[in-house]
Amino acid sequence: THILDHSHVFWLCLVSEMTHPLELDHCHAWGAGRAAGHRYCQEVQSRNAGSWQRRRYRRGVSSHSSLRPLSELASAALNLDPIVRTCGLRRGLKTRRPFAAGQEIAREFPLVISSGDSSSSTAIALPAAAHALRDIVLADVPLNVRSLFESSGVSISPEALLVFSLLVLRWSGLRQGGKSSPRSACVSDLPEGPRHWLALSETKRSLFERCATVQRLMSEARLRGLLAFEVSDEEVLDADLHRIGSTICSSDAPFVPAAFALLNHSCSPNATLQWSASQGHVILSCLEPIAVGEEIFVSYVCEQDHVLSRRYYLLQQQGFRCLCKRCQSNFCGVVEAPVNGWRCESCSACLPDDLFQCSSCSSSVTLAMRGRREEGHATVMQLASRASTLARSQQFTSAAQLLARALESLRSLRPPTDVWLSKLLTSMRNVLLAAPPGSVAPDAVKAIDAELERQRAAYRAAVAAEAAGAAFLGVAQSEEALSWSVRMLRALRLHDPSEIALRRGHKRRVGPRGDGGYVVWDEEGSPLCNALLSYGVDTNVDFELELACAGAKVLMFDHTVRGPPQGHPNITFRREALADRTVEGICGTLAAHLAALPLVPGPIMLKADVEGAEFAAILSTPSEDLAKFSQICLELHWLGRPSRGGDFRIKALALERLSENFVLLHAHGNNYGDAVEVAGCTVPDVLEVLFVSRSLLDPEGFVPSSRGLVPDAVLDSSNCLFVPDFELRGPPFGADVPAR
């Protein structure tokens, strides 16, 4: 590396400046979701890209091994002896003395900090790429990066510059003889990152695009004589994945932490990280009292998000299933305090988007109400977009006026804890801080800060209530509940088509691989169906389109969207929910919707993905109406959760009603969910199933399956591509449920 000019915009620093002692610890990284003593994260493994465990370090670390570089960094800065446990356990940070809520625990300089110019922090809704990044400083050897990317002729994102700087840091720290300096060794010791991204087309594409950008920077630096080394694409990708794997909080300025990279995640954290742009520090602060020796947890996600959003993000972006107390409580339906949604027009309670009836005042959510709140939200977003444009052009007073109008409208639509309100308040605060002196009221920023603090206190109270609900999970089931759970399991006995049936038909998949596609039974020489009742509209309606193109009349229902993403002359959409009762214009039963189908001869099919409402809807449908369907494709939700989607009694009775006229001919576990234990059997929380009418199959056309719930390479596709599919060969799918 050669010296050019000095700047303070990019820093690479390994100084860890801690104000209070922490103690490095290794925390348990395993334990099935159903185990009573499991820790907070259940690690998952990619089938295609090898294993990567978040905050998990390579196996083989024994109690006699030397400390890894990040551990040495934390230990030296804190003057503590790290605890090294047996192999396979991951590291973490825990306190050596108690802390009170609001107290600062520690602070450090990150390995890499990227910051923008003075105006970027004041603009609203600026993407990370808007930061004007200029230079990096490597061990007092500055390297002018602005000249590199100005001459390279490409747009350089902060993420690409962080990868570039990590590579320079790693290589510039190499000693003679191939040994790494402590500085470069810390880069290599960062969490390995989401290696499964290399097996997914979309994420792989973004990684390689960023790799090309970094290589252009490297090439430009070598041409100018600034760098004397070359790196391969594999090394660039590795550095990028290290950067992603070390991202443990969001901030206006991207950075790669040092010792704080060891912090573990919880959706109910006891600490939070904050970026101090003025000091260049990352500050770790206490959110709730932390006892001596208690592990420190921060949240890698927005704590206000719904449990499913948190699960999807952590699986896709971080590579693990979170099994913290709050997630357990949410998934089991014991306690869920909604913080996001809409204000009920009758009682102002928080109303999640998918509910069609307020749980507080029992008032119905009509189509007119949905239309009003959606139009109001669209108006708010338009005002915020216009304000963002004005702020970018330094018209802060006008931007603040528009945001004030947007906030007034949003407060009438959303509850005080909603994340949209939080975002808009933060944007308003940034604009007020950037406005010229005297152009805004002196106490305006203080008023915004006070409202944000009230909001944080409210949703943290909701988070604490949800986490406390996990205390009820260990309560033993009653004999009656256990009996109903066994009946539910027996109704899930899987069957295979016999050789007699296979002479006349076969199973095939309709629709996309993954979510939105379903396995059906195709009789040779007969149409799959002439009419379809479909519930649940996602971003993909290929299943419905394929049947519509084949001539079937499709009647589609979903109360949460305005319409399907694609249309077809044979598809009719109605904005209604599936329920166990009919409320005109709001929800309806299967029987009522069957009556609304066009009178067409031939088989009728049912497809439903309604997040747990399927059990009550099936149970309320007379057997003679269910018998009108030739096939039923369902996604069964919350099979092991008696507090969600109905208790075991409702689920057992609904499945037994289906068994009267149908055979369970195919099943596949949705691996976004957990595998849970019910009455001694392991079942997926969410199960994709195909029930085929007994009238389509000969009495000898099906036999009990001995294969069990094992994915079919042709028919099945993993819902979460980098997580192994469920393989459950025993009861209830591959064997009879034992008598109790």
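Between E374 and R562 there is a salt bridge, since a side-chain N of the basic residue sits under 4.0 Å from a carboxylate O of the acidic one. Under a 4.0 Å N-O distance rule, the pair R456/E453 qualifies as a salt bridge. No salt bridge links R373 with E345; every basic N to acidic carboxylate O contact stays at or beyond 4.0 Å. Between R195 and D238 there is a salt bridge, since at least one side-chain N of the basic residue sits less than 4.0 Å from a carboxylate O of the acidic one.
One distance of note links CZ of F331 with CZ of R321; it measures 9.5 Å at 0.5 Å rounding. Taking CG of L93 as the start and CG of N264 as the end, the distance is 8.0 Å to the nearest 0.5 Å. Separating the CZ atom in R454 from the OH atom in Y459 is a distance of 15.0 Å, to the nearest 0.5 Å. Annotation: the span from L351 atom CG to Q357 atom CD amounts to 10.0 Å, rounded to 0.5 Å. Atom CZ of R243 sits about 4.5 Å away from atom CZ of R210, to the nearest 0.5 Å. To the nearest 0.5 Å, the span separating CG on L314 from SG on C324 amounts to 9.0 Å.
At a threshold of 4.5 Å between non-hydrogen side-chain atoms, the residues Q103 and S285 do not count as touching. Side-chain atoms of H637 and D609, non-hydrogen and from C-beta on, do get closer than 4.5 Å to each other. With contacts defined as side-chain heavy-atom distances shorter than 4.5 Å, the pair C322/R311 does not qualify. At least one side-chain heavy atom of E466 sits less than 4.5 Å from a side-chain heavy atom of N330. Here the side chains of F260 and V298 are not in contact, with every heavy-atom distance at 4.5 Å or above. Using a 4.5 Å heavy-atom cutoff, the side chains of E688 and N670 are in contact. Inter-residue side-chain proximity for D305 and C267 is flagged as unmet; no heavy-atom pair is nearer than 4.5 Å. Annotation: side chain of S348 is in contact with side chain of R343 (closest heavy-atom distance under 4.5 Å).
Formation of a donor-acceptor pair under 3.5 Å by the N270 side chain with backbone atoms of I296 is not found in this model. Remark: side-chain polar atoms of N340 are paired, donor with acceptor, to backbone N or O of V419 under 3.5 angstrom. Formation of a donor-acceptor pair under 3.5 Å by the K651 side chain with backbone atoms of W638 is found in this model. At distances below 3.5 Å, not a single donor-acceptor pair connects side-chain atoms of R575 with backbone N or O atoms of G563. No side-chain donor-acceptor contact under 3.5 Å links S718 to the backbone of P724. In this structure, the side chain of R513 engages the main chain of D716 through a donor-acceptor pair within 3.5 Å. R326 places a side-chain N or O within donor-acceptor distance of the main-chain N or O of E303, the cut-off being under 3.5 Å. Between the side chain of E451 and the main chain of S422, no donor-acceptor pair closer than 3.5 Å is present. With S388 contributing its side chain and A384 its backbone, the two residues share no donor-acceptor pair below 3.5 Å. Distance alone, capped at 3.5 Å, places no donor-acceptor pair between the E295 side chain and the K94 backbone.
Smallest separation of non-hydrogen atoms from G536 and K607: O-NZ, 3.2 Å. Taking every heavy atom of both residues into account, P565 and V541 meet most closely at CD-CG1, 3.9 Å. The shortest non-hydrogen separation linking N671 to C720 is OD1-N, 2.9 Å. Of all heavy-atom pairs spanning G516 and F543, the tightest one is O-CB, 3.5 Å. For the pair F297 and S266, the tightest heavy-atom approach, listed with the atom from each and the gap, is CB-CB, 3.7 Å. The minimum heavy-atom distance linking D647 with I650 is given by the pair OD1-N, 3.0 Å.
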What verdict does the side chain to side chain contact (heavy atoms under 4.5 Å, CB included) test give for H668 and D725, after you've listed the backbone C-alpha separation in whole Å, the side-chain angles of each residue and the deciding distance to 0.1 Å?
CA-CA 9 Å; H668 173 253; D725 253 331; 3.1 Å; yes

Given the rule in the side chain to side chain contact (heavy atoms under 4.5 Å, CB included) test, do N719 and V686 qualify, once you have shown the distances and angles that lead to the verdict?
CA-CA 11 Å; N719 302 81; V686 181; over 6 Å; no

Does the pair T560 and D353 meet the rule for a side chain to side chain donor-acceptor pair (under 3.5 Å), with working shown?
CA-CA 7 Å; T560 64; D353 186 64; 5.0 Å; no

Take C344 and S360 through the side chain to side chain contact (heavy atoms under 4.5 Å, CB included) test and state the conclusion after the steps.
CA-CA 9 Å; C344 174; S360 298; over 6 Å; no

May I have the step-by-step check of side chain to side chain contact (heavy atoms under 4.5 Å, CB included) for V380 and L407, ending in yes or no?
CA-CA 8 Å; V380 169; L407 278 169; over 6 Å; no

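The aromatic rings of Y300 and H265 lie tilted to each other, with the angle between the two planes from 30° to 60°. Using cut-offs of 30° and 60° for the angle between ring planes, the H377 and W420 rings count as perpendicular.
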